[in-house]
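What you see is a predicted model; the values in this text were computed from it and never measured.
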Amino acid sequence: MAPRRLLLVGEGNFSFAAALSETLDSNASLTATCIQHPVELARDPVAQKNLLRLRERGTEVRFGVDCTQLANAFEPHDRKFDRIYFNFPHCGRKAGVAKNRKLLAKFFQSCVDVLAEEGEVHVALCRGQGGTPADKPQREWHNSWQVVAMAALGGLILSDVLPFSCEAVPGYKCTGYRSQDKSFRTEGALNHIFTWSLPFEGSQPRVFRIKLGGQWFSFSEPKALAGKLNRGFLEASSCHPIQILNEKLIVELGTTFPFKRLKCSFPLLPLKGTSVLPSWNCDILSSFWINLHEDNSDSESLNGETIQEMEDFLVSFSELSLHKSPRRDGKEVHEGISGQAKVWLRSSLLVHVQAIIQAPDFLPGSLYILSGPVFQKCHILPFTMPAFHETLLILGFNQSLKDNCLPSLLNHLTGILDSLLTQTLSDGSTLSSSVEFVPQPNRNDYIIHVKSHNFGPDCAKDLIIGSVITSVTSITHKDQCFVLVSINLDLLAMIVWGISDWRILWTFDNRFLKKFLPGEIEPFKSYSLYPPCYVHDISFWLDEEKGFDELEFHTVARAVSQDTIISIKFLGRFQHPKTEQVSLCYRLTYQTCDKALTQQQVASMQSQFRKEIQQQLHVIPR
């Protein structure tokens, strides 16, 4: 085990340091610091006694250390601590919440210079000071120290909150500010544990290179989908909950039906030639479009971005054909402007069905299973996502067997989903959800409806996790009918593990995957607790000739905010009595699930959002 280095700041009489030093093993080293100088503690017998105990144990003690300038107290090679403790920080006497917030903010920003990569910062606060729901009772946000928001200024997130009991640390005697005032009241005190957050830079769109027909092309992720292309969650080696769930689903289906798993292509589709049956709603207008650029460079970077290269990018059912047209000089170029080719990201796996059922080796009676990511523009809502993983089941059978095959598939699927959604936890309690196949007006199709209590005892959710289409016919197999079952794996995973925020499924933070143990299903516990919300309103005049696309408004908001906007609420419509010009007003709520978000970052995003909607949506911000 690597040695653990502990740093204590703001020690008063050093009783906490002395008590803690007695519990440490040989792999841990302790450095205790205070802001006072030795002469200021000379008349404090308790402090002198504890300092003597520390020196006998070889503990390093430093005086005159300002917790808001920790880098100044340590040499560069001596700065990485695994834990930093600050018990009951206070500016002194009758300092208000604003001054104490400032103290916390400077402290957390100072920790950046001395905290190890997987280090923790422990801050003990009196009851109510933190301003989080862990406080009982919880103070109003403006009347608290806003400890999570202050930690965000140092790039830290709150990962745990535990009761702080002075009695649990034998010999510890809490003092007041600089050991001069009366002791703080520690009943109901809480220890707040902070860890590093991932930087926002990791959410920037990535650049990819693909090889098609011997020609290299490059493209960037759409900004609204930054970090969501080519993540490999469904690869065999993946331990992502999406893959865990998909494998359970397929294994159970294989006990009843002979099945064939199909390899899914990368989700780029050509502008022309995509075959979609007219009864299926694959709305191209809500799809994401991408421009492929011819790229003959040998460089491994483009505009400073690392390029991810892949040759086996487009496989399976249909090759991406880039139509060419002659140039004036007689050479061919790909259709589009300036040698660009326009493609789109599939919004459903249903676009592949026609190719599958018309393939020469398609066998009726076998269950064909296709799983992969899909993408679609959508409004910003809690359980609506622009990117998710879909599993598509395709079963063909003779018309005469429809009355037997369809009920058999639906009954078996109901049993599998009920089993997945009803879990007995390690403490003996049960998470329960009910599954129902609800017939649609045409009496041929169904939606898969789930009522779940897995998000908390007082938080029942009614969600649609998929659909069943039973009215499919084929030109090739005129005497047969087909059943298609589409399941949103991301939404299903959220219900199974009680994950209330879909964005966490796409995090790059390795701590997320550590929450999932093989063969066990336990409610997901976030490592980023009580992230603060920031609310901003925006209003703008419409251009009557251009119109207003609310879906694009949400998509621009998603892109500019790097998916930190969790809610967009329409507040009202105003028409000027003289000019008759129309104005709309919306309320935007910013909040993250895995990163530290500051008020300053939000203000910058809001400012950029105003510029983007003016340029892209042709509105005039007020």
Side-chain angles (χ1 to χ4, degrees), residues 10 67 83-91 95-109 111 115 119-166 168 174 184-198 382 455-459 498-501 503-504 507 509 511-512 515 523-535 564 566-567 589-602:
C67 70
R83 284 190 182 181
I84 302 174
Y85 293 85
F86 195 0
N87 292 334
F88 306 106
H90 203 280
C91 287
V97 293
K99 288 185 177 180
N100 286 306
R101 278 186 215 138
K102 189 175 182 180
L103 170 64
L104 283 178
K106 289 185 175 181
F107 163 68
F108 285 121
Q109 290 171 306
C111 288
L115 185 63
E120 298 177 349
V121 178
H122 292 231
V123 178
L125 297 175
C126 298
R127 176 186 292 169
Q129 287 178 340
T132 73
D135 282 306
K136 305 299 180 184
Q138 182 181 0
R139 288 186 192 173
E140 301 90 344
W141 177 249
H142 67 274
N143 194 34
S144 73
W145 291 15
Q146 302 176 7
V147 64
V148 184
M150 297 304 104
L153 294 170
L156 301 171
I157 54 176
L158 179 64
S159 293
D160 206 355
V161 184
L162 301 171
F164 185 95
S165 174
C166 293
C174 177
F184 298 120
R185 295 181 60 181
T186 60
E187 298 85 0
L190 296 173
N191 183 34
H192 303 76
I193 302 175
F194 296 89
T195 58
W196 282 113
S197 158
L198 291 181
F455 300 101
D458 302 320
C459 188
I499 299 172
S500 59
D501 195 324
R503 298 173 300 172
I504 195 67
T507 185
D509 198 318
R511 285 174 287 187
F512 173 73
K515 299 285 185 177
F524 173 73
K525 295 181 179 178
S526 177
Y527 53 87
S528 179
L529 303 179
Y530 315 127
C533 291
Y534 304 97
V535 178
T564 63
I566 61 166
S567 171
T589 302
Y590 294 77
Q591 188 182 47
T592 56
C593 62
D594 64 340
K595 295 185 180 73
L597 182 64
T598 68
Q599 189 172 3
Q600 292 87 337
Q601 287 172 315
V602 169

**Request:** Mind checking side chain to side chain contact (heavy atoms under 4.5 Å, CB included) for Val148 and listing every partner two or more places apart, or none if nothing turns up?
**Result:**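 So Val148 forms a side chain to side chain contact (heavy atoms under 4.5 Å, CB included) with Thr132, Leu158, Pro532.
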
**Message:** Is there a side-chain contact between Leu104 and Pro89 in this structure, where contact means two heavy atoms from C-beta onward sitting under 4.5 Å apart?
**Reply:** yes

**Message:** Going by the rule side chain to side chain contact (heavy atoms under 4.5 Å, CB included), which residues pair with Ala98 if we only count those two or more places apart in sequence or in a different chain?
**Reply:**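 Here no residue qualifies.
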
**Request:** Mind checking the CZ-CD spacing from Arg503 to Gln591? Nearest 0.5 Å is all I need.
**Result:**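 That separation rounds to 7.0 Å.
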
**Request:** May I ask you to check whether over 12 heavy atoms, not counting those of Lys515, lie within 6.0 Å of atom NZ?
**Result:**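 Yes - once you tally the heavy atoms of other residues, nucleotides and ligands closer than 6.0 Å, there are more than 12.
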
**By side-chain hydrogen bond (donor to acceptor under 3.5 Å, both in side chains) - contacts of Asp135 (at least two apart)** = none

**Prompt:** Could you state the interatomic distance from CZ (Phe512) to CD1 (Ile499), rounded to the nearest 0.5 Å?
**Reply:**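 So the gap between those two atoms works out to 4.5 Å.
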
**Message:** My understanding is that only residues two or more places apart in sequence, or in another chain, count here; which of them pass ring-ring contact (aromatic ring centres under 6.0 Å, His included) with Tyr527?
**Reply:**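 Tyr527: no ring-ring contact (aromatic ring centres under 6.0 Å, His included) contacts found.
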
**Asked** Just how far is it from atom OG of Ser197 to atom CG of Asp509, taken to the nearest 0.5 Å?
**Response** 7.5 Å

**Prompt:** Residues in ring-ring contact (aromatic ring centres under 6.0 Å, His included) with Tyr534, at least two apart?
**Reply:**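 ring-ring contact (aromatic ring centres under 6.0 Å, His included) check on Tyr534 returns nothing, list empty.
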
**Asked** Any side-chain heavy atom of Arg127 sitting closer than 4.5 Å to one from Pro137?
**Response** yes

**Message:** Walk me through whether Thr564 and Lys595 qualify under side chain to side chain contact (heavy atoms under 4.5 Å, CB included).
**Reply:** CA-CA 9 Å; Thr564 63; Lys595 295 185 180 73; over 6 Å; no

**Prompt:** Who are the side-chain hydrogen bond (donor to acceptor under 3.5 Å, both in side chains) partners of Gln109, not counting sequence neighbours?
**Reply:**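 With neighbours one apart ignored, the set is empty.
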
**Request:** Mind checking salt bridge (charged side-chain N to carboxylate O under 4.0 Å, His left out) for Asp594 and listing every partner two or more places apart, or none if nothing turns up?
**Result:**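 By the salt bridge (charged side-chain N to carboxylate O under 4.0 Å, His left out) rule, Asp594 matches no residue at all.
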
**Request:** Can you sort out the partners of Ser567 under side chain to side chain contact (heavy atoms under 4.5 Å, CB included), two or more places apart, ordered by chain and number?
**Result:**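 Counting only residues at least two positions away or on another chain, Ser567 forms a side chain to side chain contact (heavy atoms under 4.5 Å, CB included) with Thr589.
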
**side-chain hydrogen bond (donor to acceptor under 3.5 Å, both in side chains) partners for Tyr85, two or more places apart** =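 If we apply the side-chain hydrogen bond (donor to acceptor under 3.5 Å, both in side chains) test to Tyr85, skipping adjacent residues, the hits are Arg83.
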
**Request:** Measure across Cys67 and Phe86 and return the closest heavy-atom pair with its distance rounded to 0.1 Å.
**Result:**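 Nearest pair, atom of Cys67 first, then Phe86: SG-CE2, 3.5 Å.
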
**Item:** Shortest non-hydrogen contact from Phe108 toward Leu156
**Value:**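 Smallest heavy-atom distance, with atoms named: CD2-CD1, 3.7 Å.
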
**Request:** Return the set of residues passing side-chain hydrogen bond (donor to acceptor under 3.5 Å, both in side chains) with Asn100 (not counting sequence neighbours), or none when no residue passes.
**Result:**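 So Asn100 forms no side-chain hydrogen bond (donor to acceptor under 3.5 Å, both in side chains) with any residue.
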
**Request:** Start with the C-alpha distance between Ile504 and Ser528, add both sets of side-chain angles, then the distance that settles side chain to side chain contact (heavy atoms under 4.5 Å, CB included), and finish with yes or no.
**Result:** CA-CA 10 Å; Ile504 195 67; Ser528 179; over 6 Å; no

**Prompt:** Among all residues two or more places apart in sequence or in another chain, which pass the side chain to side chain contact (heavy atoms under 4.5 Å, CB included) test with Lys99?
**Reply:**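 For Lys99, the residues satisfying side chain to side chain contact (heavy atoms under 4.5 Å, CB included) (neighbours in sequence not counted) are Cys91, Ala95.
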
**Request:** Work out which heavy atom in Cys126 is nearest to a heavy atom in Phe88; give both atom names and the distance.
**Result:**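 Scanning both residues, the minimum pair turns out to be SG-CD2, 3.7 Å.
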
**Request:** Working to the nearest 0.5 Å, report the span between CE of Met150 and CZ of Phe194.
**Result:**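 It is 10.5 Å, given to the nearest 0.5 Å.
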
**Prompt:** Do you know which two heavy atoms are closest between Leu153 and Ala105, and how far apart they sit?
**Reply:**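 For Leu153 and Ala105, the tightest heavy-atom pair comes out as CD1-CB, 3.6 Å.
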
**Message:** Enumerate the side-chain hydrogen bond (donor to acceptor under 3.5 Å, both in side chains) contacts for residues 140-161, please, sequence neighbours excluded, ordered by first and then second residue.
**Reply:** Ser159-Thr195

